[in-house]
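Below is one structure, written out as structure tokens, with a few remarks after it.
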Amino acid sequence: MNNREIAEIFHSIADILEIKAENPFRIRAYRKAAQVIEDLSQPIKDIHTNGKLPNIPGIGEGIAGKISELIQTGKLKEYETIRKSVPSGLLEMLNISSVGPKTVALIYKELGITSVKELEKAAKDHKLAKFPGMGEKKEENIIRGIKILRETKERIPIYEAELIAKNIISLLKKVPAVDKISIAGSLRRRRETIGDIDILVASDKPAEVMDSFTTLPQVNQILAKGSTRSSVRIEGGRQVDIRVVQTDSFGAALHYFTGSKTHNIRIRELGIKKGLKINEYGVFKRSKLAEEDKKIAGREEIDVFKSIGMPYICPEIREDRGEIEAGLSGTLPKLIEIADLRGDLHIHSNWSDGTNSIEEMAEASIERGYQYIAICDHSKSLRVAGGLDEGQLIERQKKIDKLNNKYKNFQILSGIELEIHINGKLDFSDDILETLDVVIGAIHTGFSQDENVNTARIIKAMENRNVDIIAHPTGRLLGKREGYKIDIPAILKAAGDTGTALEINAFPERLDLADIYLQEAKEKGAKFAINTDAHSISQLDFTKFGIGVARRGWLEKQDVINCLNIDELQKSLEKARERSTHHYPPGQKKTDLI
DNA sequence: GCCGTTTTCGGCCCGACTGTTTTCAGTCG
């Protein structure tokens, strides 16, 4: 049973307990545990085996016991019991907007409704309005909520969300009443996928802002409209929330509206201990008479942190994954920034499946301030992507040499995205690979091999001294395909041992390696390369999404090889090649197992 | 159910909007 499956069970338990109106804090504990498990970089069964479950914050004796039971028996008796007390259709109903646990409990108890479909019929037949707290509007909202539930994809890629947000912000910036405006929520934290889009505005004329917002051309439906908060649904079904505060509350509101929820709760708890109340309007010194609380901060976001004795914590790491503790102990990382990148080490050209020429990609990279790029076209066996054979590689080299003579202070590195075959063999011989500046090992075939095969094939490639980087290490496509089955901790360790860098592929639907693995990889000594995998000039701008992932993974400039200048990079690649060669003594290769 | 330089028991973040009420519960972020 893997992490996600276990997390889902705890989420379900929380849902069931909510319908049963159990202690809200107990419910919160289950949700917190589920979240923590989802964010783990290691398989929880390994942590269990090592007896380290109690070390995970948010997992206490009770839940640790339940995890044990799930791992050992594949089942949880208590879960089996309580799930029988509540039809599974009720849990699905919780996904309907405007329907919560109380509504679900009521309609189940009074009408015996156990599915979304039955609920829809009951609402249409006006069978709900007669109950206390229900009415015609509520019925309408339920019908609408069900329609939206069926039409809307749960989360969208960050790329798409950012386009929507930027578009709305550019329109709102033209509104005179808007003093300040910012993206907030998970988009500001640079999560890989986004649910709702959150926007914060500072204004002393909130009503004008709300009117402008709710009458934007892309708004399909107004879900709520108040004096400080409004929600709309736009074309395509996505929900956009806006919050308006006075300018002197903008910082506190930005902190609150950025989240994450668990981060906010932790910050506010720390505030309580210091006799402070922290909300979206500011930081307040608590007095005995509640109405006399004195505001001590709010204009700037950093002051929220300062008020509880902490330095600024960047949005990307506000996930309650240790940033609070690091803030208190003064050990926060200095996160990598986009300006730290000196080049892009994974770019395709029209020699394989890219749309632009090497020269065009180079010129566009110079414009972006890079010192170098590596052209890494596909290798010969990936015919569908126009993979290059040995002869074409020589031809391409001539072209690159010619261009390099032309540029000053910029260098095109000759590279390859090299197919790693199912048996771990590489697409080119070592003699050929020796001639290349950058070799990125990649898997594009044989996804369905079992975990041992895939793990061994990647590690075998890493052990080859000429392989510098592993492309999109897990092969996932967000919302479309899970990664291939691999032993991720083993891959991370091998990266540290062999000096082979792990790619953080910035392509919005890859974002692979994912943020949750980066800290562990770093602890194991791994280095990273943030690459766009661009197949055209415009895709060179995907860098920002890769940087977002790296920052969420707490990476610093020195962890990423393409922050090095060209001389340092070349030395570093050479050094890593030596490590690959010397790491495993002859006859002791792990991969001899296959 | 978790957690602890105020606590091993008694707390657990804080507020806005809607709909159905006539003061508030439910939902949501």
Side-chain angles (χ1 to χ4, degrees), chain A residues 10 13-14 17-19 21-36 53-67 78 93-107 128-142 144-145 184-186 195-200 206 210 214 222-232 239-245 249 252-253 255-284 286 290 293 304 308 320 328:
Chain A
F10 289 139
I13 292 176
L17 295 177
E18 247 190 323
I19 292 171
E22 279 275 349
N23 176 357
F25 300 106
R26 194 172 158 224
I27 294 163
R28 192 170 106 184
Y30 275 109
R31 291 213 193 281
K32 166 79 182 164
Q35 182 67 53
V36 166
L53 277 183
N55 294 7
I56 304 174
I59 294 182
E61 217 178 309
I63 289 183
K66 293 180 170 67
I67 294 169
E78 202 180 314
M93 284 182 216
L94 290 175
N95 298 324
I96 303 167
S97 168
S98 83
V99 174
K102 300 283 191 250
T103 309
V104 168
L106 177 79
I107 55 166
L128 307 178
K130 61 182 173 190
F131 295 107
M134 308 281 279
E136 256 182 58
K137 281 269 193 179
K138 184 89 182 174
E139 287 179 332
E140 280 172 30
N141 284 341
I142 288 173
R144 198 183 289 145
S186 55
D196 299 340
I197 291 161
D198 300 311
I199 295 170
L200 178 70
M210 289 311 183
T214 51
I222 299 168
L223 299 169
K225 186 180 172 188
S227 58
T228 72
R229 212 189 80 196
S230 294
S231 293
V232 299
Q239 184 176 326
V240 183
D241 298 336
I242 197 169
R243 188 78 202 244
V244 184
V245 294
S249 290
H255 179 262
Y256 147 76
F257 212 25
T258 297
S260 68
K261 194 171 186 151
T262 49
H263 169 93
N264 284 356
I265 290 174
R266 293 289 310 278
I267 293 286
R268 289 173 176 194
E269 281 171 353
L270 286 173
I272 291 171
K273 285 187 186 152
K274 291 199 176 285
L276 303 171
K277 181 174 76 176
I278 300 172
N279 60 27
E280 56 264 54
Y281 300 108
V283 179
F284 300 85
R286 286 176 191 266
D293 288 348
V304 174
I308 48 171
D320 190 21
L328 290 172

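Below, each value reflects all heavy atoms present in this structure, side chains not excepted, and no hydrogens, waters or symmetry copies. Note on naming: letters A, B, ... go to the chains in the order of the sequence lines (proteins, then strands), and numbering restarts at 1 for each one.
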Contacts of A:R268 meeting side-chain hydrogen bond (donor to acceptor under 3.5 Å, both in side chains) (sequence neighbours excluded), chain-then-number -> none
Contacts of A:T228 meeting side-chain hydrogen bond (donor to acceptor under 3.5 Å, both in side chains) (sequence neighbours excluded), chain-then-number -> none
Between [N] and [M], how far apart are the two [atom1] atoms, rounded to whole Å?
N: B:dG29; M: B:dC13; atom1: C1'; result: 12 Å
N: B:dT21; M: B:dA25; atom1: C1'; result: 10 Å
N: B:dT8; M: B:dA16; atom1: P; result: 35 Å
N: B:dG26; M: B:dT20; atom1: C1'; result: 11 Å
N: B:dC12; M: B:dT7; atom1: P; result: 16 Å
N: B:dG11; M: B:dT6; atom1: C1'; result: 12 Å

Please name all residues satisfying salt bridge (charged side-chain N to carboxylate O under 4.0 Å, His left out) with [X], sequence neighbours left out, ordered by chain then number.
X: A:R229; value: none
X: A:E22; value: A:R26
X: A:K225; value: A:D211
X: A:R144; value: none

For [X], report the nucleic acid contact type (base, sugar-phosphate, nothing); a contact means any heavy atom under 4.0 Å.
X: A:I96; value: sugar-phosphate
X: A:P101; value: sugar-phosphate
X: A:R266; value: nothing

[X] [atom1] - [N] [atom2] separation (whole Å):
X: A:I197; N: B:dG29; atom1: CD1; atom2: C1'; value: 15 Å
X: A:I142; N: B:dG19; atom1: CD1; atom2: C1'; value: 12 Å
X: A:L223; N: B:dA16; atom1: CG; atom2: C1'; value: 14 Å
X: A:I199; N: B:dG29; atom1: CD1; atom2: C1'; value: 15 Å
X: A:Q239; N: B:dC17; atom1: CD; atom2: P; value: 14 Å
X: A:F257; N: B:dC28; atom1: CZ; atom2: C1'; value: 11 Å
X: A:N141; N: B:dC17; atom1: CG; atom2: C1'; value: 12 Å
X: A:K138; N: B:dG26; atom1: NZ; atom2: C1'; value: 6 Å

Taking for A:D241 and for A:M210 the nucleotide of DNA chain B with the nearest heavy atom, the one nearer the 5' end belongs to A:M210
Between A:G100 and A:E139, the residue closer to the 5' end of DNA chain B by nearest nucleotide is A:E139
Mate of B:dT8 across any strand shown (Watson-Crick or G-U wobble, both atom pairs under 3.5 Å) is none
Within residues 224-231 of chain A, the residues having a heavy atom closer than 4.0 Å to DNA chain B are A:A224, A:K225, A:G226, A:S227, A:T228, A:R229
Please tabulate, one pair per line, all N/O donor-acceptor pairs under 3.5 Å involving side-chain atoms of residues 130-140 of chain A, not counting sequence neighbours.
from: A:K138; atom 1: NZ; to: A:S98; atom 2: O; distance (Å): 3.0
from: A:E139; atom 1: OE1; to: A:H126; atom 2: ND1; distance (Å): 2.8
from: A:E139; atom 1: OE2; to: A:K127; atom 2: N; distance (Å): 3.4
from: A:E139; atom 1: OE2; to: A:L128; atom 2: N; distance (Å): 3.0
from: A:E139; atom 1: OE2; to: A:A129; atom 2: N; distance (Å): 3.0

Exactly one of A:H263, A:K32, A:Q35, A:K261 clears side chain to side chain donor-acceptor pair (under 3.5 Å) with A:D320, and that residue is A:K32
B/S/- along nucleotides 1-14 of chain B (protein heavy atoms under 4.0 Å) is BSS--------BBB
Syn within 90° of 0, anti beyond: B:dT22 is anti
Would a 4.5 Å heavy-atom cut-off, applied to side chains only, mark A:I19 and A:L94 as touching? yes
Ranking B:dG26, B:dG29, B:dG15 by distance to the side chain of A:D196, first place goes to B:dG29
One should read off an interatomic distance between A:T214 OG1 and A:I222 CD1, to the nearest 0.5 angstrom, of 4.5 Å
Heavy atoms of A:N264 and A:Y256 approach each other most closely as ND2-O, 2.9 Å
